Amino acid sequence: MNILLDYEKNELYSMLESLGEPKYRVDQLVDAMYGGKDFDDKLNLPSSFLEKLSEFNYIMQPIKIRKAIESKGKDKTIKFLYDLPDGNIIEGVLMRYAFGNTLCVSTQVGCKMNCAFCASGLNGFVRNLSVGEILGQIVAVNRHLGGTKKDRQITNIVLMGSGEPLDNFDNVKKFLKILTSDECFNMSVRNISVSTCGIPSKIEELADLGYAVTLCLSLHAPNDIIRQEIMPIARRYSIREVIDALKYYYTMTNRRIIIEYTLIEGKNNSFKCAKELSEVLRDLPCHVNLIKLNEVDGRDLKAPTVDNCKKFLDTLNRFGVSATMRRTLGDDIEGACGQLRNKELQGEKVINKVNPNIKPKPNKNTQRKVKDASQLLKTKQNLQKNEKKINKNNTRKSSPKTKNNRGR
Ligand code: SAH
């Protein structure tokens, strides 16, 4: 199975060449792909070309919206469950603000990090999402909202759904490259946030890439002892190492860091913790986003009262820390990472795992087979050569230093 959304424009050119198609087809193809169209739609592409794509197992939209659940509250948050081509399920949230619509995007099926408060790791790690599966979430929701490639209905992206973006770094880097490119959504890096549990070497690599996205660190504790109790990754990297990497990120990108701090009753919400946090963050240009824990079934942690959260916030402010309480959106629809997927999996009594044998359904516009067997073999060989070239290029390009395109 080949996901068209996995490819950059120049890779699509080579693919078209291998299929014996003219180069200009690429513009029609990307308009359809990024507009959320699929083979079943009326497309501005010849059926002979669509037949070839089908013959070689290309799929256009890897993300299908399985459920869209709108919050009953005024905020009109929508939680999405998506089906992936191999039968796995992931989720996302659309949050509506005065400035526009923000989509929270997942980067992995499940998560390896197993943070004590989070539902994403409860069923373990399944696999990384491909570039097209990450991008496809935006494409699918944009279309769901009536948007097109040019008239985008999603203004902001936060890589804050299930999974750890820096643990699927190669795909995330290519995703950022495509998302910010002219031929795709031309999204400004100012409107993209990447949230991480804190992997210092990857933070530094992201800084060197020059994309200057807003970097959010899930800190959740003022010292290594508490952090190790709630975040296993803290046993690998100390807060000091992570903060040093964040300082490097700030130096390279000039972007203030966002510190995420989920308040958990009796764990990290005391006066002493607020004071210690203010000391830890002293020379880091940052803003703290406090989040009241969204209690998760199967995780034995309690949320503090609203009053207690406010007290913590006041203490931080008094110690000179720029901080706000994050508006809780979509509590009634299992808004926190991984919660909705887990519920769906329990309902189905299955834990989906990768099944490489599941093939995408043939699309109804492309039932006719390509007849000439020798032609078919030749094209197949060309495509394989092409794939090898692309893979080789991607490995080589994995850490380009493009510092001067910062702040786009
Ligand atoms: N792995 C990345 C991104 C996924 S988690 C990271 O660690 O940042 C994104 C954010 O969701 C985390 O900062 C965490 O604060 C928040 N989160 C996850 N589960 C939560 C819950 N049950 N209640 C409140 N916030 C939660």
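Given the structure is predicted, the values throughout are model-derived calculations rather than measurements. One-based numbering, in listed order, for ligands and for the atoms of each.
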Nearest non-hydrogen partners of N128 and D167, listed with the distance: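 Smallest interatomic distance, heavy atoms only, reads OD1-O, 3.9 Å.
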Using a 4.0 Å cut-off to any heavy atom of [X], which atoms of ligand 1 qualify?
| X | result |
| --- | --- |
| S218 | 6 (C), 7 (O), 8 (O), 12 (C), 13 (O) |
| C118 | 18 (C), 19 (N) |
| C197 | 6 (C), 7 (O), 8 (O) |
| V296 | 22 (N) |
| I291 | 15 (O), 24 (C), 25 (N) |
| T262 | 14 (C), 15 (O), 24 (C), 25 (N) |

Check: F271 ring centre within less than 6.0 Å of F312 ring centre: no
Pair F99 and Y97, ring centroids less than 6.0 Å apart: yes
Taking only Lys NZ, Arg NE, NH1 and NH2, and the carboxylate oxygens of Asp or Glu, determine whether [X] and [Y] approach each other closer than 4.0 Å.
| X | Y | value |
| --- | --- | --- |
| D283 | K247 | yes |
| K79 | E91 | yes |
| R143 | D38 | no |
| D86 | R127 | yes |

Counting only heavy atoms, which portion of [X] has something under 4.0 Å from ligand 1: side chain, backbone, both, or neither?
| X | answer |
| --- | --- |
| N294 | both |
| L217 | neither |
| E260 | side chain |

[X] to ligand 1, any heavy atom closer than 4.0 Å:
| X | answer |
| --- | --- |
| G163 | yes |
| A119 | no |
| M160 | yes |
| H220 | yes |

Ligand 1 to F117 polar contact by distance, N or O atoms, under 3.5 Å: yes
Test: K23 cationic atom under 6.0 Å from Y13 six-membered ring centre, within 45° of axis: yes
Residue pair M33 / V139, side-chain heavy-atom distance below 4.5 Å: no
